[in-house]
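Start at 1 with the first residue, then count along the sequence.
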Amino acid sequence: MRSIGLTTLFACLVLLIRWAAAGQTHEYNFTTGWVRRNPDGMHEKMMIGFNGEWPIPDIHVNKGDRLIVRLTNGFDDQPTSLHFHGFFHRNVDENSNQMDGPQMVTQCPIMPGDTYVYNFTVDNQVGTYWMHSHSGAQYTDGMRTALIVHDEDEPFEYDEEMIIQLSDHYHKPYYEVMDEFLTRYNPTGAEPVPQNILFNNTVNASISFDPDTVYLLRFINVGNFVSQYVYLEDHEFTIVEVDGVYVTPNTTSLLYLATGQRTTVLVHSKPESNKNYALMQIMDETMLDVVTPGLILNRTNQVLYNGEAPFADEYFIDSFDGVTNDFYLTPLEKTALLPDYDYQITLDVKMDNLGDGVNYAFFNNISYVAPKVPTLVTAITAPKHLVKNPSIYGENVNPFILEYGEVVEVVVNNYDDGRHPFHMHGHNFQVVQKSPSFLEDPSGNGEDGEPIPYNSSSPLMEFPDFPMRRDTVVLEPNGHIVLRFVANNPGIWMFHCHVDWHLEQGLAALFIEAPLQLQANEALTENFKQVCSTGDVPVAGNAAGHVDDWLNLAGLPRQPDPLPEGFTWKGYVAFVMSCFVGIWGLQTIVHYGLSESIQDDESMYNKLKELLEEPAESN
Ligand SMILES: *[C@@H]1O[C@H](CO)[C@@H](O)[C@H](O)[C@H]1NC(C)=O
Ligand SMILES: *[C@@H]1O[C@H](CO)[C@@H](O)[C@H](O)[C@H]1NC(C)=O
Ligand SMILES: *[C@@H]1O[C@H](CO)[C@@H](O)[C@H](O)[C@H]1NC(C)=O
Ligand SMILES: *[C@@H]1O[C@H](CO)[C@@H](O)[C@H](O)[C@H]1NC(C)=O
Ligand SMILES: *[C@@H]1O[C@H](CO)[C@@H](O)[C@H](O)[C@H]1NC(C)=O
Ligand SMILES: *[C@@H]1O[C@H](CO)[C@@H](O)[C@H](O)[C@H]1NC(C)=O
Ligand SMILES: *[C@@H]1O[C@H](CO)[C@@H](O)[C@H](O)[C@H]1NC(C)=O
Ligand SMILES: *[C@@H]1O[C@H](CO)[C@@H](O)[C@H](O)[C@H]1NC(C)=O
Ligand SMILES: [Cu+2]
């Protein structure tokens, strides 16, 4: 009798555990649309919300849960998509690569009126993530929110949790800002300077602290472009997680978050509550081409201990030198340095103009241009004997074929003097080298530095025993990073700069990971194909849409041709400026010289030459 009772109890327990482990399902139906808001109190504009709501509410799930998001495109005239930043979409589910989000990579653009269903388990990932549109620069205007995966086995304790989204903010709609950015009238590729920075989608925000309480603050930089420094007057932060990876607690007073990055910290509040403190956020000014007059570089937010006490004044620090360097953080779950790689990919980053005068961004001289067929479709529908042939994906997506299970090393050398936070879909990577900036000559003579690419015979830093893992890491000006991961997640995964303007300039590559295994695991769903058909996107074929001859890439979308030999836009603009400023004004040059659509480089060059030789007339 007694033993039967115990057996039954045991069986119940097993069932209960299984049920708990199977996880809950969270369902959301979201329709995109424009909502009038004034996030910074300075300018009303249309933001992109879901179901008429903005900011979009945070999403909370538990480890192992299933998430179903039905995304309906409620725009009149533009496609959309949704990416779950930091999720691996490992093949515990079927067809999981189709849930990753980037349009023309793992899915077709969702056209107005259509619905695409994202349906996946979060598997065993935990911590701080976010989701955002992966179509154009759409998320700049607010199509983004936090996505938290709670973990009942968290390796730290706290009393209360807060989620804080940091972002930059533009007053014009993203498509106008982008048009002004990607044009031959901006030949130096100066990134659009934001008008403001937001704290959880507003300004002058307050959060309340009780005395002697431990807070878990999850900071997420959901911005388009500018990194931010964060600090709290007279308090310390203990970093416990970055990008969904628990780390050995590291105490610091200053954080730096590039776009795409998450840093989760514990803060132990003061024992007394007699005054309030400034929680400061400051733009990384070095990323800005110009500091426009009146630009707000910093914002003061309040940590309120006492509603009766006055607000804290702004609080500045002397230097940012003490900022935590994530290279020296150690993951709590120690995974040893991956042994020497099987496959090394070297990506040289450069920004330059092409023949249309527009400034583009390149990996190895290739600027990403979306193919005619989503790359996942190409991988799934290709004949087996060609699926590992990079040419079928089209050279303009920077395709790299990874073999299942191999250790991949990605070396990124920065031949540009800007900071670039690189993000990889589908994985965390080990950060095995992360150079400092070489904007200045390392000899300390105050001269401009030269780019210093990675030299595997003399790495700059000792290889860590247990390298930091994360999904977004900053590449310093003129410097380099070296990353490693195991190619055990079949799929098409983007590797790109998370400065969205730079992604729009083409700073992306695709890792075609274990395509044979991908073919075995993944089939295009009916929903996938229906969404493609609305947008007239083929659901079979190589990058140029051919199914008869897979090696025929005629019609492949490519980057514009280069400028004619010896013609540099920067030089030309300097020349034109020096000749004309004050005589005609730049507007006139633009009007007379460039307003017609100029077909080829030669005629543009001649046109400008003619213009320069013409005597200046007034008006
Ligand atoms: C979401 O949409 C589906 C399909 O139209 C519907 O069956 C479901 O009830 C909706 N769920 C909610 C929470 O509105
Ligand atoms: C935020 O604070 C600044 C400085 O005190 C003030 O000028 C501004 O009006 C405030 N804005 C809003 C929206 O509260
Ligand atoms: C989500 O995926 C699961 C597992 O494949 C499936 O059972 C379920 O029907 C799917 N739900 C929707 C709404 O597609
Ligand atoms: C930030 O905003 C989200 C909603 O967008 C809200 O859920 C969250 O609680 C806010 N965080 C704080 C610290 O107030
Ligand atoms: C903070 O911003 C104000 C203007 O918004 C500016 O005058 C001040 O120099 C900035 N301070 C720092 C340290 O960035
Ligand atoms: C904390 O981070 C700093 C680098 O910012 C590093 O030097 C130090 O070793 C780290 N400490 C721990 C315990 O991770
Ligand atoms: C890129 O182009 C430059 C100049 O044409 C050339 O020197 C360099 O080798 C090219 N890089 C790659 C990786 O193809
Ligand atoms: C790389 O480092 C090795 C060893 O220090 C050195 O001999 C070699 O010249 C370096 N290569 C380059 C291209 O600097
Ligand atoms: Cu970049």
Side-chain angles (χ1 to χ4, degrees), residues 15-33 35 48-75 79-103 106-135 138-139 142-152 161 163 165 201 218 220 222 244 425-426 491 521-532 534:
L15 274 179
L16 198 69
I17 288 165
R18 283 225 184 120
W19 175 78
Q24 266 183 295
T25 298
H26 306 260
E27 283 194 55
Y28 297 91
N29 294 351
F30 290 141
T31 301
T32 65
V35 200
I48 300 172
F50 283 165
N51 305 337
E53 208 177 335
W54 191 89
I56 296 167
D58 299 333
I59 290 187
H60 295 265
V61 302
N62 292 311
K63 182 156 99 179
D65 286 357
R66 176 172 296 278
L67 188 59
I68 299 178
V69 177
R70 290 186 190 80
L71 184 71
T72 300
N73 183 337
F75 300 124
T80 196
S81 62
L82 196 60
H83 169 57
F84 304 87
H85 183 121
F87 282 104
F88 300 157
H89 299 286
R90 239 171 233 294
N91 204 63
V92 286
D93 280 324
E94 287 178 342
N95 306 328
S96 51
N97 197 205
Q98 287 163 69
M99 306 304 155
D100 191 43
Q103 75 175 33
T106 56
Q107 69 169 84
C108 291
I110 308 167
M111 302 307 280
D114 263 355
T115 300
Y116 189 77
V117 185
Y118 297 93
N119 175 5
F120 58 96
T121 60
V122 299
D123 198 14
N124 57 5
Q125 290 189 264
V126 291
T128 312
Y129 301 86
W130 62 298
M131 54 189 220
H132 61 84
S133 166
H134 222 295
S135 297
Q138 230 162 46
Y139 86 77
M143 188 170 156
R144 58 189 186 217
T145 199
L147 174 44
I148 309 300
V149 186
H150 294 277
D151 176 11
E152 58 186 22
E161 164 189 2
I163 299 161
Q165 300 178 31
N201 295 309
R218 300 180 187 269
I220 312 174
V222 302
H425 293 211
N521 294 338
E522 191 112 0
L524 302 178
T525 64
E526 285 312 308
N527 179 220
F528 186 106
K529 290 190 255 189
Q530 180 267 311
V531 163
C532 296
T534 310

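Two residues are said to be in side-chain contact when any heavy atoms from C-beta on lie closer than 4.5 Å; His425 and Thr106 fail this criterion. Side-chain contact between Tyr118 and His89 is absent, with no heavy-atom pair separated by less than 4.5 Å. Proximity of Ile48 to Trp54: side-chain heavy atoms (C-beta onward) are nowhere separated by under 4.5 Å. Under the 4.5 Å side-chain criterion, counting only non-hydrogen atoms from C-beta, Val35 is not in contact with Glu53. In this structure, the side chains of Phe528 and Asn95 stay at 4.5 Å or more apart for every pair of heavy atoms. The shortest side-chain heavy-atom distance between Leu524 and Lys529 falls under the 4.5 Å cut-off. Residues Trp130 and Arg144 are in side-chain contact: their nearest non-hydrogen atoms beyond the backbone lie under 4.5 Å apart. Side-chain contact between Glu152 and Asn62 is absent, with no heavy-atom pair separated by less than 4.5 Å.
Between the side chain of Asn73 and the main chain of Gly113, no donor-acceptor pair closer than 3.5 Å is present.
A ring-centre distance under 6.0 Å is found for Tyr129 and Phe87.
The distance from atom CD1 of Ile68 to atom CZ of Phe120, rounded to the nearest 0.5 Å, is 10.0 Å. Atoms CE and OG1, on Met131 and Thr145 in that order, are 6.5 Å from each other to the nearest 0.5 Å. Atom CD1 of Ile59 is separated from atom CD1 of Ile148 by 10.0 Å, given to the nearest 0.5 angstrom. The line from CG of Asp100 to NE2 of His83 is 5.5 Å long, rounded to the nearest 0.5 Å. Atom CG of Asn97 sits about 5.0 Å away from atom CD of Glu522, to the nearest 0.5 Å. Remark: Gln98 CD to Thr525 OG1 distance equals 5.0 Å, nearest 0.5 Å.
In plain terms, the two heavy atoms of Val149 and Lys63 that are nearest each other are CG1-N, 3.6 Å. Met111 and Pro79 make their closest contact through SD-CB, 4.0 Å (heavy atoms, listed as atom of the first residue, atom of the second, distance). Shown here for Phe75 and Pro112, the closest heavy-atom pair between the two residues is O-CB, 3.1 Å. Taking each heavy atom of Leu71 and Ile110 in turn, the nearest pair found is CD2-CD1, 3.8 Å. In terms of heavy atoms, Ile163 sits closest to His60 at CD1-CE1, 3.4 Å. For Val122 against Gly64, the heavy-atom pair with the smallest separation is CG2-N, 3.5 Å.
For the residue pair Asn527 and Arg70, no side-chain donor N or O sits within less than 3.5 Å of a side-chain acceptor on the partner. Under 3.5 Å, the side chains of Asp114 and Thr534 contain a donor-acceptor pair of N or O atoms. Under 3.5 Å, the side chains of Gln103 and Ser81 contain no donor-acceptor pair of N or O atoms.
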Exercise for review: Output, in order, the C-alpha distance, side-chain angles, deciding distance and verdict of side-chain contact (heavy atoms from CB on, under 4.5 Å) for Phe88 and Asp123.
Suggested key: CA-CA 9 Å; Phe88 300 157; Asp123 198 14; over 6 Å; no
Practice item. Any chance you could lay out the side-chain contact (heavy atoms from CB on, under 4.5 Å) test for Thr32 and Phe30, step after step, and finish with the verdict? Key: CA-CA 6 Å; Thr32 65; Phe30 290 141; over 6 Å; no
**Study point:** Criterion ring pair (Phe, Tyr, Trp, His ring centres under 6.0 Å) on Phe50 and Tyr28, from CA distance to verdict
**Key:** CA-CA 10 Å; Phe50 283 165; Tyr28 297 91; 9.6 Å; no
Practice item. For the pair Asp58 and Gln165, evaluate side-chain contact (heavy atoms from CB on, under 4.5 Å) and give the outcome as yes or no after the intermediate values. Key: CA-CA 10 Å; Asp58 299 333; Gln165 300 178 31; 3.3 Å; yes
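Using cut-offs of 30° and 60° on the angle between ring planes, the pair His85 and His132 is tilted.
For the side-chain hydrogen bond (donor to acceptor under 3.5 Å, both in side chains) with Arg66, the lone residue among Thr121, Asn119, Thr25 that qualifies is Asn119.
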